[in-house]
Amino acid sequence: MSRYRIPGKGRVDHAAPVRFSFDGRSYMGLRGDTVASALLANGVHLMGRSFKYHRPRGAVTAGSEEPNALIGTSRGKGRAEPNTRATMQELRAGLVAESQNRWPGLGFDAGAVNDLLYPLFSAGFYYKTFMWPRAFWDRLYEPVIRAAAGLGRAPGEPDPDRYASRYLHADLLVVGAGPAGLAAARAAARAGLRVTLVDEHAEMGGALLSDPGVVIEGRPAWDWLAAVLEELRGLGVRLMCRTTAIGYYHQNMIGLCERLTDHLDSPPETAPRERLWRVRAARVVLAQGAIEKPLVFDGNDRPGVMLAGAAQTYLHRFGVLVGRRAAVVTAHDSAYFAAFDLADAGVRIAVLVDTRDAPPADLLDQARRRGIEVLAGHSVTATAGRLRIRSVRVNRVRDGQVAGGRAIACDCLLMSGGWTPSLHLFSHTKGSLIWDAAAQTYLPGETIEDCHVAGAGRGLWGYGAVLADGDAAGVAAASALGRAAAGAAPAVAHDRTGSGEAQRELPSDMAPSLARAFVDFQNDVTAKDIRLAVREGMKSIEHVKRYTTTGMATDQGKLSNINGLMIAADMLGKAPPQVGLTTFRPPYTPTTFGALAGYHRGSHFELTRKTPIDAWAEERGAVFEPVAQWRRAWYFPRPGEDMEAAVARECLATRASVGIFDASTLGKIEVAGPDAVEFMNRMYTNPWSKLAPGRTRYGLLLGEDGFIRDDGVIGRLADDLFHVTTTTGGAARVLTMMEDYLQTEWPDLRVWLTSTTEHWAVAALNGPNARKVLEPLVEGLDISNDAFPHMSVTECRVAGIPARLFRLSFTGELGFEINVPARHGPDLWRALMAAGAAHDICPYGTETMHVLRAEKGFIIVGQDTDGTVTPADAGLGWAIGKAKPDFVGKRSLSRPDMVAPGRKQLVGLLTEDGAVRLEEGAQIVDDPARPLPMRMVGHVTSSYRSATLGRSIAMALIENGHSRMGELVHVPMPGRTHRARITGTAFYDPDGARMKL
């Protein structure tokens with residue numbers, strides 16, 4: 001047994017040893033330990049290195065606010081996690097842990113040379129250093145910075161663990177299972193509410209786990225805790241340990257991350273590692289307590305320097321002494337109780353330094369009885385020791401002046417600068433914060449959410465006050481929900497009340513330029529850095545934060561924010577509220593990507609939608625591509641064909657005879673109702689009033705900004721019914737846009753919108769023989785050119801199946817689109833393939849579709865448009881209803897910048913060498929001989945090899961492109977720059993004769 005472990009003490013299982021390793025060395029801990037408590041039990045304080053200076057660091061806390069003891073953990077291949085808090089990671093058999101940010105080892109780290117050069121790395125040095133010479137950025141600065149960035153190593157293998165997510169509804173959610181949270185949950189549950197109580201630690205109890213001597217309702221604290229938890233279970237309260245409330249969102253939505261298996265020696269094979277909960281609670285009680293503040297003095301970051309409350313936790317919860325000869329420095333009464341508990345456990349308290357001139361008399365009496373020397377009105381000005389503290393220098397302070405001091409040997413230094421209410425979740429609600437001048441801290445004010453803050457989280461101190469406040473919060477929550485509740489504030493004996501005074505940084509006997517007094521331990525931000533930032537013009541605390549990086553570590557400033565604010569305010573000569581407070585954002589503690597992704601990984605990352613024809617295409621060896629959640633047949637290779645050969649064959653076959661394409665993924669929306677035509681007139685640029693039933697029209701949809709949002713062919717089936725098609729990727733967006741306008745702008749219109757994308761399977765027949773294939777299958781309808789001309793639509797039966805038949809073309813050939821109910825899609829497809837066999841019907845995929853439409857100059861929204869293209873830019877001015885009084889985006893089209901010269905316009909490009917295919921996205925210049933940087937005048941939007949034309953073709957957005965027909969431009973690409981001539985976008989059958997056969 002280690003000499004730092006007290007046999008039989010704490011809440012760990014002394015009969016259950018657990019072996020683990022740290023930096024390759026084997027250690028023994030106990031079941032119930034954290035990695036930090038187990039290392040401390042073995043006398044190990046050095047657990048990591050700081051980010052910037054690589055200074056030796058040890059655990060400074062015992063909770064999730066820990067900034068120093070960040071380790072990498074591993075449980076096998078792919079199960080590695082960096083930046084795990086050693087203070088929160090529970091011990092498990094075989095745990096492999098390693099320190100971070102060091103090389104070659106933790107004891108000797110070559111990066112510690114930065115500590116010797118610290119004058120070169122003052123606040124904001126990166127803003128000044130890396131600006132000059134300019135050429136150094138790419139060759140030196142950026143590579144070095146990227147190599148040095150981060151603390152732990154990101155996993156390099158896929159994570160095999162499972163992650164889950166669930167929803168939960170509760171009358172009351174209580175965050176924090178300390179005394180206030182327990183009292184609130186009990187009062188609310190007794191009133192009949194459905195209560196959920198969550199806590200981030202492995203067991204509930206909060207501060208009670210570190211104070212077993214307190215007596216509540218006549219019982220020792222731990223006995224009272226066990227009884228209350230048993231009562232809560234009996235009342236049906238959901239108790240969730242190892243569960244962190246990571247974010248508080250609108251309408252009382254709280255995100256929880258529950259750790260399920262990280263503490264298990266052998267997790268079940270199918271058990272999720274973590275579960276993300278989305279909790280909707282009628283009321284919330286935030287009982288997160290308070291976080292102890294460090295004191296700011298030279299050398300306050302050495303291993304062995306930690307918060308007094310943390311030492312008390314390690315003693316009572318884990319049975320671990322953090323040292324044998326302790327020094328204490330405090331500005332708050334709470335550190336006295338920690339010192340008394342350690343002394344009673346056999347630790348020699350070498351000295352207790354109180355920065356206050358007159359500590360409470362009763363505390364001085366208790367210290368005297370234990371033989372503890374108390375130095376009131378003194379300051380700690382320095383520490384000594386390389387990898388662990390070995391002494392502390394103590395000085396007398398009078399009227400702010402530091403007198404001569406003395407060195408006192410110690411193996412740990414416990415500090416307490418008072419306590420800061422934990423307001424992170426409360427701040428997520430945009431609740432107001434109120435500065436308490438007496439306590440020199442922020443307290444919660446009003447909130448827009450239905451929540452209560454209870455206990456130390458709102459500045460109360462002492463178990464009696466905290467329990468009473470928690471009980472009152474539970475009663476208030478029950479009353480707000482219409483339940484009668486009677487308060488019963490627990491009686492407390494041997495309470496530990498107290499107060500303190502706020503300190504910015506302790507007075508020092510050193511020159512300010514030499515003191516290494518740390519405010520943010522992880523990012524190596526000192527008090528000197530903050531003062532320098534203010535001198536260099538940073539007036540707002542948000543600017544100070546970004547200039548120095550204080551509060552930007554993984555603890556999000558839980559330990560550093562108030563100290564940093566106080567120092568900046570002092571430097572500015574302002575009250576802290578005038579300087580402000582940095583913004584707390586979710587998550588409350590770092591959260592794994594796995595927990596946030598949940599089930600959405602691998603094949604479940606995104607829903608894969610398949611058309612009714614998908615199985616047929618797969619049987620025929622189709623290669624697929626993802627398109628807006630759909631799996632679409634990309635091309636149909638024959639033996640020995642690559643993609644280019646297959647696409648060329650499909651294109652030629654369609655142009656020569658007939659091709660068949662699965663168009664089921666097109667978005668389809670039914671617009672129905674007496675005011676349907678008026679709605680269409682307002683939404684789309686085109687006029688619709690005179691479109692007769694049985695006819696279709698190309699529809700163009702703009703945003704309010706006048707830029708193209710979507711397009712598609714729209715058929716009018718009846719006076720009050722339109723069949724609207726959209727792009728595959730735009731279906732949901734267009735429906736949402738329509739619903740938005742219908743509900744917010746035109747609620748008087750009698751119109752109903754129905755998404756029918758999945759209702760219809762669509763087969764597109766294209767080619768000169770398309771009518772010959774389809775005609776025998778159509779029942780009771782003449783589909784000749786005279787009877788059923790281009791841009792017609794009707795309802796009929798095809799192959800015995802009810803269908804909506806469109807005559808239209810996206811290829812420039814004679815074309816039909818047959819819509820049938822999705823369940824009949826495979827039957828229709830097989831019938832068409834059988835009827836087309838005599839005409840060598842060729843199934844083709846999306847790549848061939850792209851080539852065929854590009855040959856005709858038909859655009860694809862989102863590829864040939866980029867959110868800044870107007871109808872005129874795209875050559876679609878003819879689609880604007882000139883006589884229409886209004887439509888979405890009309891007013892924007894007349895803005896000066898929308899009609900100004902120099903706009904990029906869609907044109908065609910033909911390379912001088914027809915064998916060269918331009919790269920999509922390639923930039924276009926007028927004169928490649930001009931000195932760098934070249935001026936870009938546009939970019940290639942679509943580019944293909946056309947088997948039909950025997951050359952490459954491309955479309956591009958080019959400045960003033962419509963007025964530059966015939967001009968040459970240059971397209972730089974890897975290896976050489978290619979010349980291309982600007983043309984119209986219709987490369988094939990520009991008059992459109994073939995689709996009117």
Side-chain angles (χ1 to χ4, degrees), residues 60-61 65 290-301 305-312 326-340 342 349 351-364 366-367 372-383 392-403 405 408 410 412-421 435-443 456 459-462 496-509 515 517-519 521 527 558-567 569-570 576:
V60 70
T61 76
E65 66 273 19
I291 299 172
E292 196 168 14
K293 286 190 301 183
L295 288 168
V296 182
F297 56 88
D298 182 71
N300 62 340
D301 65 322
V305 180
M306 69 172 56
L307 297 171
Q312 196 174 9
V328 181
V329 56
T330 185
H332 195 274
D333 296 346
S334 61
Y336 281 81
F337 299 116
F340 298 160
L342 288 169
I349 306 299
V351 66
L352 196 159
V353 179
D354 196 324
T355 63
R356 300 170 295 179
D357 292 327
D362 62 321
L363 295 180
L364 294 176
Q366 292 185 59
I372 298 174
E373 179 185 10
V374 177
L375 298 178
H378 281 63
S379 173
V380 167
T381 57
T383 63
V392 58
R393 189 164 77 245
V394 178
N395 299 69
R396 185 181 182 88
V397 180
R398 284 293 178 268
D399 298 324
Q401 299 301 313
V402 177
I408 299 174
C410 62
C412 63
L413 174 61
L414 314 181
M415 57 181 170
S416 178
W419 298 78
T420 302
W435 178 255
D436 187 313
Q440 292 287 283
T441 193
Y442 280 98
L443 298 178
L460 300 178
W461 196 256
R496 289 182 157 180
T497 60
S499 61
E501 65 180 26
Q503 295 283 348
R504 293 183 292 272
E505 58 185 304
L506 298 189
S508 176
D509 58 357
F518 286 89
V519 176
F521 295 108
K558 291 181 176 68
L559 297 184
S560 62
N561 269 8
I562 292 297
N563 283 335
L565 170 61
M566 297 288 285
I567 295 169
D570 178 63

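Keep in mind that this is a model prediction, so the values were computed, not measured.
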Checklist entry - Checking side chain to side chain contact (heavy atoms under 4.5 Å, CB included) for the pair Leu342/Leu414: CA distance, chi angles, key distance, verdict? => result CA-CA 11 Å; Leu342 288 169; Leu414 314 181; 3.1 Å; yes
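- By the side-chain hydrogen bond (donor to acceptor under 3.5 Å, both in side chains) test, Thr420 is found to be paired with no residue, residues two or more places apart in sequence or in another chain being considered.
- Scanning for side chain to side chain contact (heavy atoms under 4.5 Å, CB included) contacts around Arg393 gives Thr381, Ala382, Asn395, Asp509, Met510, with sequence neighbours left out.
- In this structure the side chain of Val329 reaches within 4.5 angstrom of the side chain of Leu506, judged on heavy atoms.
- For the ring pair (Phe, Tyr, Trp, His ring centres under 6.0 Å) test, no residue two or more places apart in sequence or in another chain qualifies with Tyr336.
- In this view, Glu373 and Arg406 satisfy the salt bridge (charged side-chain N to carboxylate O under 4.0 Å, His left out) rule, not counting sequence neighbours.
- Remark: Asn563 engages Lys293, Pro294, Val296, Val519 in a side chain to side chain contact (heavy atoms under 4.5 Å, CB included) (not counting sequence neighbours).
- The nearest pair of heavy atoms linking Asn300 to Leu295 is ND2-O, 3.0 Å.
- At least one side-chain heavy atom of Arg398 sits less than 4.5 Å from a side-chain heavy atom of Asp357.
- Taking each heavy atom of Val60 and Phe521 in turn, the nearest pair found is CG2-CE1, 4.4 Å.
- Remark: Pro507 engages Ser379, Val397, Val402 in a side chain to side chain contact (heavy atoms under 4.5 Å, CB included) (not counting sequence neighbours).
- Among residues two or more places apart in sequence or in another chain, the side-chain hydrogen bond (donor to acceptor under 3.5 Å, both in side chains) test is passed with Gln503 by Thr355, Glu501.
- The salt bridge (charged side-chain N to carboxylate O under 4.0 Å, His left out) test applied to Asp436 returns no partner, not counting sequence neighbours.
- In terms of the salt bridge (charged side-chain N to carboxylate O under 4.0 Å, His left out) criterion, residue partners of Arg496 (sequence neighbours excluded) are, by chain and number, Asp211, Asp341.
- By the salt bridge (charged side-chain N to carboxylate O under 4.0 Å, His left out) test, Glu292 pairs with no residue at all, sequence neighbours left out.
- Between Asp333 and Trp461 the shortest side-chain heavy-atom distance does not fall below 4.5 Å.
- Residues passing the side-chain hydrogen bond (donor to acceptor under 3.5 Å, both in side chains) test with Trp419, sequence neighbours excluded: Ser334.
- Scanning all heavy atoms of the two residues, the minimum distance from Pro359 to Leu364 falls at O-CD1, 3.9 Å.
- Contact check for Phe297 versus Leu413: side-chain heavy atoms found under the 4.5 Å cut-off.
- For Ala502 against Gln440, the heavy-atom pair with the smallest separation is CB-CB, 3.3 Å.
- Residues satisfying the side chain to side chain contact (heavy atoms under 4.5 Å, CB included) criterion with Ala338, sequence neighbours excluded, are Ala308, Gln312.
- Considering all non-hydrogen atoms of both residues, Met566 and Pro576 come closest at SD-CG, 3.9 Å.
- Paired with Ile291 under the rule side chain to side chain contact (heavy atoms under 4.5 Å, CB included), one option of Ile562, Leu559, Leu307 passes, and it is Leu559.
- Here the side chain of Ser416 pairs no donor or acceptor atom with the backbone of His332 at under 3.5 angstrom.
- Closest of all the heavy-atom pairs between Val328 and Ala339 is CG2-CB, 4.1 Å.
- The main-chain N or O of Gln401 is never found under 3.5 Å from a side-chain atom of Asp399 such that the two would form a donor-acceptor pair.
- Here CG of Asp298 is found 6.5 Å from OG1 of Thr383. Values are rounded to the nearest 0.5 Å.
- Put simply, CG on Leu443 and CH2 on Trp435 are 9.0 Å apart, with the number rounded to the nearest 0.5 Å.
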